[in-house]
Every structure is written in structure tokens, then in C-alpha cells.
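Have a look at the structure below before the remarks.
None of the values given here were measured: they were computed from a predicted structure. Letters go in sequence order (proteins before strands), and every chain restarts at 1. Values below: every heavy atom of this structure, side chains too, minus hydrogens, waters and symmetry copies.
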Amino acid sequence: MSSIQPVRGTHDLIGEDQRRHAHVVHTARRIAGVYGFDEWATPIFEDTRVFSRSLGDTSDVVSKEMYSFSDRDGESLTLRPEGTAAICRALVTNALTQSLPQKVFYAGPMFRHERPQKGRYRQFHQIGAELLGAAEPLADAEAIAMGYEVLKALGIADYVTLELNTLGDAASRDAWRDALVAYFSAHKDKLSEDSLTRLEKNPLRILDSKDAGDKVLVADAPMMAEFLTPEARAFWDDLRNKLDVFGIAYTVNPSIVRGLDYYNHTTFEFVTNRLGSQGTVLAGGRYDGLVKQMGGPEVPAIGWAAGIERLSMLLGQVPAAPRSVVLVPVGTPDESAVVQILQGLRGQGLRTEIGYKGSLRKRMERAGKQNASHVLFLGEDELAKGLFRVKNMETGAEQEVSRDTLLSKAQDVFAA
RNA sequence: GCGGACGUAGCUCAGCUGGUAGAGCGCCGGUUUGUGGUACCGGUGGUCGCGGGUUCAAGUCCCGUCGUUCGCCCCA
């Protein structure tokens, strides 16, 4: 094979793949609308600092996964690895911090230079929601409820469970982090190699370790709950009450710490066991400090993102391919009369195609292969009489329809 | 970035202990351009991922490389 291959970790969306993908986006967009979110589209590349500042220099995303390059002016640009930082940048640069809250929905490609795996690609696609300018747990609950609603509408809520945790406010998180570092530092000799680097870079991540030895240590590690300030505890309690009110089931999982630096208070993940080790399907949390890092004022915010590829793979019901009405000329009918009918049907909003060549038998065969819903025969006789045969390709039944009916009530004719 | 498995026609695969490739499906055409999804007939289609090596001879053994896949790290 000497033809040029697609870049590693990228893939084409064609046919059923594209239909699954589009169905996820359309469904999420619809539900976001119901919840009062507006869709934003931001550039797919940004000043590198948009991400390097916000995600944390030591996060893997920044330190080894970004697609960064300098453009012809020598400026460092980066293909966006995630959506939240860019949305916050857009909030600030469009001066929308003056009109809060902003409820934002987005969908589009993201880029991360990782080893491809099931449900993980170098160019992948996310849908996401950000609720900017609301500090109340009600906002968290609403964001989570909306995410759940999307999963439900996609028919995958049954395979998925919500895992919830709190990181507390800055004071709680710092105190806890210090306690963890102290605890794990005292047991360095028992830590796995991976966790030793985590201890330097992101100690919270040790809690998530799959190493058996680490797990033993983690069992006795200081718990976040012990370090929550009264305010943070009140927030946490309130959030769980609100989720109950929304009727959303969850399990508390203290190891949901999220990888990116900007999170505080609420963190959550909807996870499934149907995607191997890539089980996180929709995840997010609260990030009260991020907008300020982007040079804006203090704006509390909560949001989530979901991988479209992962959601697509879980879809039970594959969206059906569209079906056409196919015009089959018989003999050599007058072309302008045929086109008149073709365009007349399209004018009424019907997906209509015409068989270009081949014997009648061939054209019928093709109509069948392209999954036509109906075939409309156009022979010289029909055109002369103004009476046409319509064949339902599903049942094989035929009926006669007048030209007038075709040109004015085609929807009714081809409904059955 | 690390480890395992795999890589033969568009697709799914066969090819025994090395002797220069097969099937099914698909695709194209035909069974008189007034009728498809069935049937029958015919045809197209692979420098066996790529590059080296061993050998008289490699799809079949060895090395490398690229790609896919599963897991780790990380993450959606």
C-alpha cells in the first residue's frame, strides 16, 4: 500500500460512523437548548499560553501531549487539547464577564498527542457545557443533571454510573494536599515508581493508582473529608441534597481528583465498564479560579466535557440512513419533463434522486441498493397521460398517482 | 513515553513442518431498457503493510520500521 495513510490517531467519519457522531452532537445540542445553554464556537487553535497557564505546567496534557507549533510570525500556537480554557478566554476577551451567568455549549475537535487506544484518538471530538458565573451548588447540580439527560437521551444512561467527589475550596485542598504529601513521603519506600513521580507532580493522583502496593497505602491515607473547611463542607452537603432533588443517583468516590489543576469543589465522572480502560464517558467539575487566570475577574464556574467517539461507541440504536425517492426513467422520456418532476419533489422537501444510466433492471437494482423508500417510474406513456406508477420498495406495492398530486401533495404520496 | 498481540484481495478469513496465492461476501457486466432485494452465468480484483537479512527458494524463518489493537501512564 503506497497510498498516503491518515495520520496516526486520526480517523474519517463516513456512513454509520458519521451518523452516530452527528446523532450525539444533535442530541446534546437539543438538550443543552432545553437547559438554556447557547452554543459557542471558538477557534481550534489558540495562543499556547491559554492552555499552559490554565491546565498546570506539570499536567501531562501540557508537558507532553500538546500539538504546539510556531506560526510564521514566531508566535507559539497550540491546537486546543480541551475546551474549557478556550471558553474562559472567550468569556474574557468578549467582555462577557459583564453579563453573567453565561451558559455555554460547544462541540468540536480537540487534539492530544497520546498513544491511540480504544476510544482515544489524537484528533477526537468533545461536546461540553460550561456554566460561568454561578457559585451555588444548584448550578453544579444543574450541570450534572444536564449531562445525565444527554446520556439518557442517547440511551446509555443504564450502562453508566455517576461518581462524585469534592476537592473542597482552595484552603481545604491545600491542607489536604500537604497532608497527603507528608503521608506518602513518609512511605516513599513502598510507593510504586509511577506514584513516586506523581508525588512530585500531582500527589492527588496517587489515590487513583492501580498498583496493588499503592492501594494498600491509599487505604490509610488522609481523607479529604477531614480537611474540609466549614464552608466547603456546607457546599458539599448542599450539592448532594440538590442531586437528590434532581433525582440523580451517584456514588461518592474519593479518588475522583481530575487531572487538571484548575478544579476545586465538585468533581464528577460518568463511567462505564463497556469501553475497557477508557471508561470515563462524561466528566467535569468546578473551576472557580480559571477565569481569573485568564486575566478576567473572579468568576465561579462549573462544567463538563464528554468524548463523542466514546459516546458513539456506546450508542445502542444506530441512527438509520436516510432514504430517498428514486426516479427511474423508462425508455427515453423527455428530459425537461423528468427534471420538472424531480425538482418539484425536491421543492416539497423530499429527498429525491434520479437513476442516471443502465437498463431498467439495473436502475431498479441500484435503487434497491441505495435503500430507496420508493421508486417513481417515468416513461413516455406516463408523461403523456400525466399518471405515474409509484412503487413502495418495502412492500413492493404500486399505486397510480397523477402529476398534480405529485407536484402538490408529494409528502402524502411518499409517506406510506 | 513503556509492555503484549496482530498486519494476506474493498470486507471476513484460509494458506500444513519455507517451493513465486485461494474461498465466501462485495463490486462490475449479462439473463432483449416496463420493474429491485432471490436464482443462474461471466468478469474485475493482492509486488502477501514496508525495508533489509537467512536460503537454490519466504506470505511462511530472523531483524528493523510503519500501522492496528489491548494494557500502563494520562485522559473524554
- request: With RNA chain B as reference, determine whether A:Pro6 or A:Pro329 sits nearer its 5' end, using the nearest nucleotide of each.
  value: A:Pro329
message: Is a donor from one side chain sitting under 3.5 angstrom from an acceptor on the other, for A:Ser195 and A:Arg198?
response: yes
message: What is the separation between atom CZ on A:Arg363 and atom P on B:rG29, rounded to the nearest whole Å?
response: 12 Å
task: Give A:Tyr121 one of three labels, base, sugar-phosphate or nothing, depending on what nucleic acid heavy atoms sit under 4.0 Å from its own.
output: base
statement: A:Leu282 CG to B:rC75 C1', in whole Å, measures 14 Å
- request: Tell me what A:Gly396 touches on the nucleic acid: a base, only sugar-phosphate, or nothing, going by heavy atoms under 4.0 Å.
  value: base
task: Please work out which of the three classes, parallel, tilted or perpendicular, describes the rings of A:Tyr183 and A:His187, given edges at 30° and 60°.
output: tilted
- prompt: B:rG1 base to A:Glu114 side chain: any donor-acceptor pair below 3.5 Å?
  reply: no
- line: Rounded to whole Å, CZ of A:Arg120 lies from P of B:rC70 at a distance of 11 Å
- prompt: So which nucleotide does B:rA39 pair with, by the Watson-Crick or G-U wobble rule with both distances under 3.5 Å?
  reply: B:rU31
message: Suppose we call a contact any N or O donor and acceptor under 3.5 Å apart; does that hold for the side chain of A:Arg205 and the base of B:rC73?
response: no
P-based separation of B:rU44 from B:rG24 [nearest Å]: 14 Å
statement: Test side chain to side chain donor-acceptor pair (under 3.5 Å), reference A:Glu16, set A:Arg19, A:Arg20, A:Gln18, output is A:Arg20
- prompt: For atom CZ of A:Arg351, is the number of surrounding heavy atoms from other residues, nucleotides or ligands below 6.0 Å larger than 12?
  reply: yes
- request: In whole angstrom, give the distance that lies between atom CE of A:Met364 and atom P of B:rU35.
  value: 9 Å
- line: Re B:rG7: Watson-Crick or G-U wobble partner, both distances kept under 3.5 Å, found to be B:rC66
Nearest to side-chain heavy atoms of A:Asp381, which nucleotide of B:rG34, B:rC75, B:rU35: B:rG34
- request: Answer with base, sugar-phosphate or nothing: what part of the nucleic acid does A:Met110 contact at a heavy-atom distance below 4.0 Å?
  value: nothing
- prompt: A:Leu360 has an atom CG; how far is it from atom P of B:rG30, in whole Å?
  reply: 13 Å
task: With the side chain counted from C-beta on, respond yes when A:Trp236 and A:Val252 share a heavy-atom pair under 4.5 Å apart, and no when they do not.
output: yes
query: When we call it a touch if two heavy atoms are under 4.0 Å apart, what does A:Glu269 touch: a base, just sugar-phosphate, or nothing?
result: nothing
message: If you compare every side-chain N and O of A:Arg198 against the phosphate oxygens of B:rC73 (OP1, OP2), does one of them come in below 4.0 Å?
response: yes
- request: Let me know the distance between CD of A:Glu130 and C1' of B:rA76, rounded to the nearest Å.
  value: 13 Å
message: Suppose we call a contact any N or O donor and acceptor under 3.5 Å apart; does that hold for the side chain of A:Gln117 and the base of B:rU69?
response: no
query: Looking only at atom C1', what distance separates B:rA5 and B:rC75, rounded to whole Å?
result: 24 Å
query: Under 30°, 30 to 60°, or over 60°: which ring-plane class applies to A:His21 and A:His125, parallel, tilted or perpendicular?
result: perpendicular
field: Heavy-atom donor-acceptor pair, A:Lys362 side-chain to B:rG29 base, under 3.5 Å
entry: no
field: Watson-Crick or G-U counterpart of B:rG71, or none if no pair lies under 3.5 Å
entry: B:rC2
- prompt: Are A:Phe124 and B:rA76 stacked, counting the six-membered base ring, centres under 5.5 Å, planes under 30°?
  reply: yes
query: Which part of the nucleic acid, if any, lies within reach of A:Glu382 when heavy atoms closer than 4.0 Å are counted: base, sugar-phosphate only, or nothing?
result: base
- request: Looking at every strand, decide which applies to A:Arg366 at a 4.0 Å heavy-atom threshold: base, sugar-phosphate, or nothing.
  value: sugar-phosphate
query: Given B:rU69, is OP1 or OP2 found less than 4.0 Å from the side-chain N or O atoms of A:Arg115?
result: no
task: May I ask you to say what A:Ala283 touches in the nucleic acid, namely base, sugar-phosphate or nothing, with a heavy-atom cut-off under 4.0 Å?
output: sugar-phosphate
message: If you count heavy atoms of other groups shown closer than 6.0 angstrom to CD of A:Glu335, is the number above 12?
response: no
query: Atom CG of A:Asp194 and atom C1' of B:rC73: how far apart are they, to the nearest Å?
result: 6 Å
message: Counting the atoms with a prime plus P, OP1 and OP2 as sugar-phosphate, which does A:Val281 contact under 4.0 Å by heavy atoms, base, sugar-phosphate, or nothing?
response: sugar-phosphate
- prompt: Any side-chain N or O of A:Lys118 under 4.0 Å from OP1/OP2 of B:rU69?
  reply: no
- prompt: Using the P atom in both, what is the distance from B:rG45 to B:rC40, to the nearest Å?
  reply: 24 Å
- request: Determine the Euclidean distance between corresponding P atoms of B:rC25 and B:rG42; express it in Å to zero decimal places.
  value: 14 Å
message: Between B:rG10 and B:rG26, how many Å separate the two C1' atoms, rounded to a whole number?
response: 7 Å
query: What about A:Arg8: does its side chain form a donor-acceptor pair under 3.5 Å with the base of B:rC66?
result: no
- prompt: Expressed in angstrom and rounded to an integer, what is the separation of A:Glu65 atom CD from B:rC75 atom P?
  reply: 8 Å
- request: Look at all strands and tell whether A:Gly9 reaches a base, only sugar-phosphate, or nothing, counting heavy atoms closer than 4.0 Å.
  value: sugar-phosphate
